[in-house]
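Remarks on the structure that follows.
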Number of protein chains: 2
Amino acid sequence: MTATIKDVALRAGVSPSTVSRVISNHPRISEKTKREVRQAMEELGYHPNMLARSLAKKSAEAIGILIPSTTEEFFMNPFFPELLRGISEVAKREGYDLLLSTSDTGKEDVRTLTRMIHGKRVDGVLLLSSRMQDPLMQVLKENPFPATLVGRPQDDTPICWVNNDNVAAAYQATRHLIDLGHQRIGYLGADESLLVTRDRLQGYHQALDEAGIPADRRLMFASTFMEQGGFMGMMRLLALPDRPTAVVASDDLLAFGAMRAAGELGYRIPEDVAVVGFNNVRLTEMSNPSLTSVDVRIFELGTAAAQLLIEQVRDPEVTGKSVTVPTELVVRHSCGGNNRQGGYGL
Amino acid sequence: MTATIKDVALRAGVSPSTVSRVISNHPRISEKTKREVRQAMEELGYHPNMLARSLAKKSAEAIGILIPSTTEEFFMNPFFPELLRGISEVAKREGYDLLLSTSDTGKEDVRTLTRMIHGKRVDGVLLLSSRMQDPLMQVLKENPFPATLVGRPQDDTPICWVNNDNVAAAYQATRHLIDLGHQRIGYLGADESLLVTRDRLQGYHQALDEAGIPADRRLMFASTFMEQGGFMGMMRLLALPDRPTAVVASDDLLAFGAMRAAGELGYRIPEDVAVVGFNNVRLTEMSNPSLTSVDVRIFELGTAAAQLLIEQVRDPEVTGKSVTVPTELVVRHSCGGNNRQGGYGL
DNA sequence: TTGTACGCGTTATCAG
DNA sequence: CTGATAACGCGTACAA
């Protein structure tokens with residue numbers, strides 16, 4: 001079978017502990033034996049058994065990623081790969097592997113998390129979404145374990161988190177529409193139990209209030225983070241007798257769906273309906289018209305989350321820290337107020 | 001600290017091995033002690049240490065995923081999450097966790113793979129792309145280890161793989177354009193060192209040959225699997241004195257980029273230029289015009305790959321098996337020959 | 001049906 | 001600077 005540390009020791013004529021020291025670059029070890037051991041390792045094609053190492057060191061050098069129970073939906077959204085890219089970037093840099101765990105039901109979610117916590121296969125966990133009354137928070141409260149949330153905790157759970165100021169961001173997006181003269185503005189949200197959906201809705205309300213525009217329940221829909229959800233929502237909005245002239249979509253995919261719906265009904269964008277999205281995924285530049293969207297810096301959310309988690313892993317004192325990643329409204333052509341480009345493509 | 005198997009044994013008044021047997025559902029064990037042990041586990045909040053278990057069982061119950069060295073590019077493409085979704089689906093069903101490993105340089109690629117192979121943290125590896133002269137194949141040849149390739153091996157490496165018949169698929173796509181009356185047809189490929197790029201190019205050539213259309217080197221470009229690559233390629237194609245009237249893009253993203261380029265130059269699609277893509281990602285339905293594309297069943301590629309890998313893990317006899325996932329040309333509006341829809345959105 | 005003893009491959013502690 | 005020895009937590013022959 002594969003060579004173990006003992007085989008190397010035997011061949012190099014030293015003890016296993018010495019080999020171990022060479023591996024971990026122990027300072028007090030002679031250059032000579034270091035060379036000899038290294039050569040023995042080379043000759044035997046030795047590679048350390050990470051399992052045994054982790055068991056002994058009580059550290060797995062890996063972090064777990066808990067994909068929300070709405071797996072399919074989550075995978076579909078361009079948000080996910082970009083976030084993962086950010087996470088992966090710093091994980092690799094810091095020498096951690098990534099353990100992915102999906103789970104389709106909410107119940108299973110909890111079991112997956114507890115397994116991660118007690119299974120000792122990961123040193124910390126990244127939670128990729130936060131919802132109302134999230135049972136996962138409860139689990140974390142009962143079992144102290146390095147964890148970072150992408151989003152924000154609903155209550156005072158002493159967890160680390162990385163988030164945008166979604167209220168302010170939605171305020172700004174809505175305000176943009178108001179400044180362009182819109183008075184009837186719709187809101188297309190995703191899953192209502194998600195905190196982002198609520199936060200962005202709140203920002204939307206704030207902007208309306210400030211402008212003295214009465215809120216209208218009929219102008220707000222919550223569906224899913226997918227194109228289809230935006231499509232359906234927009235269909236219903238445009239069917240209203242006093243239809244909105246602008247729409248804030250809490251996700252770019254929703255916005256794309258909304259634009260498609262408007263197009264199919266014969267409305268022009270932005271002349272008849274203005275649309276603003278969230279996330280600023282790559283596609284926003286390529287859609288027709290290009291989509292005005294709030295850049296939430298997904299990649300940075302990912303790097304920050306991983307960074308924060310690893311901090312906790314290395315120093316148990318760290319807890320309850322949070323990072324707020326700034327947002328920025330990127331104005332393109334879906335809201336008017338500037339030149340409109342036509343064209344083919346996405 | 002966390003409870004171990006010994007603590008449970010002590011509490012239940014049995015030996016550790018008995019507890020171990022209860023955990024693994026050993027047949028010959030009395031219902032009574034089974035209950036008692038289970039209760040003790042419950043009371044102590046016991047969860048098995050996966051590291052220790054794996055070390056003892058010599059099986060990690062996890063499979064590794066090796067993301068190609070062009071990490072960024074790979075994450076950007078909708079192909080990836082969909083593939084991952086397929087993999088994740090069966091991995092979860094079969095009780096395997098997923099270990100993700102990225103690496104940016106080719107050199108590092110090899111080290112990542114060898115680490116996976118010898119680190120004992122995974123029972124098998126999924127390779128997500130195959131290129132010419134791939135050094136990873138060499139590594140696999142020298143170190144027998146369960147592995148499955150999404151794509152095909154270039155030579156006779158006895159590895160399992162899951163692929164489409166890319167030659168036939170590209171033939172069909174090109175043939176579709178020829179049947180519509182096109183004679184000057186361009187080809188936009190991705191990274192030339194990737195086998196898919198080559199296979200699809202070959203299918204393109206086959207169709208041309210069969211139709212007696214001479215191949216023209218100036219009509220073929222290779223870039224990256226990204227929108228920008230398609231954009232640039234199309235720009236150059238349309239700048240030719242005898243520009244093509246149709247284009248086969250080896251990836252939907254390339255096709256979208258190509259459409260955008262055509263649009264910006266004032267060409268109409270499909271009237272002036274027809275475009276066919278590959279992969280049939282979700283966006284194809286939503287683009288304007290909707291994109292005719294070869295459905296390669298990404299999700300199925302993922303499930304098949306994971307399935308095949310797990311088969312190998314469980315039965316070392318399995319080797320050199322391969323699965324070819326069927327493809328299907330999905331005709332939409334980017335090639336003409338049917339009614340054209342307009343509209344907004346993606 | 002259950003317990004004992006040992007091994008899985010490494011690291012850490014303590015001598016020397 | 002190096003070598004025994006004891007964990008790390010669990011599975012499994014072998015014995016009872």
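Non-hydrogen atoms lying under 4.0 Å from DNA chain C are contributed by nothing in residues 110-117 of chain A. Residues from residues 36-57 of chain A lying near DNA chain D, meaning a heavy-atom separation below 4.0 Å, are A/L55, A/A56 in numerical order.
In terms of modelled atom types and a separation under 3.5 Å, the side chain of B/D123 and the main chain of B/V313 share no donor-acceptor contact.
B/R93 meets the salt bridge (charged side-chain N to carboxylate O under 4.0 Å, His left out) test with no other residue; sequence neighbours excluded. Taking B/F75 as the reference, B/F80 meet the ring-ring contact (aromatic ring centres under 6.0 Å, His included) condition, with sequence neighbours excluded.
Looking at B/R85 and B/E89, no side-chain N of the basic residue comes within less than 4.0 Å of a carboxylate O on the acidic one, giving no salt bridge.
For B/S30, the listed nucleotide lying nearest its side chain is C/dT1; candidates were C/dG9, D/dC1, C/dT1. Proximity note for A/K6 (side chain, C-beta onward) versus C/dT10, C/dG3, D/dT2: the nearest is C/dT10. Taking the side chain of B/T4 as heavy atoms from C-beta on, and the options D/dT2, D/dC10, C/dG3, the nearest nucleotide is D/dC10.
For the pair A/K34 NZ and D/dT2 C1', the interatomic distance rounds to 14 Å; values are reported in whole Å. In this entry the distance linking CD1 of B/I5 with C1' of C/dG3 reads 13 Å, nearest Å. As rounded to whole Å, 14 Å separates atom P of D/dC10 from atom CD of B/E61. A straight line from NZ of A/K120 to C1' of C/dT11 spans 17 Å, rounded to a whole angstrom. Computed from coordinates, the B/D7 CG to D/dC8 P distance equals 10 Å when rounded to whole Å.
An angle of 40°, rounded to 10°, separates the two end axes of the helix from C/dT1-D/dA16 to C/dG16-D/dC1, each defined over five pairs.
Under the 30°/60° scheme for interplanar angles, the aromatic rings of A/H118 and B/H47 are found to lie parallel.
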Produce the list of close N/O pairs, under 3.5 Å, pairing protein atoms with atoms of nucleotides 13-16 of chain D; give distances to one decimal.
residue: D/dA13; atom: N6; partner: B/R21; partner atom: NH2; Å: 3.2

Pair B/E31-B/K34, salt bridge (charged side-chain N to carboxylate O under 4.0 Å, His left out): steps then yes or no
CA-CA 5 Å; B/E31 281 302 325; B/K34 205 181 278 186; 3.6 Å; yes
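For the pairing with A/L99, the side-chain contact (heavy atoms from CB on, under 4.5 Å) check across B/L99, B/L100, B/L98 returns one residue only, B/L99.
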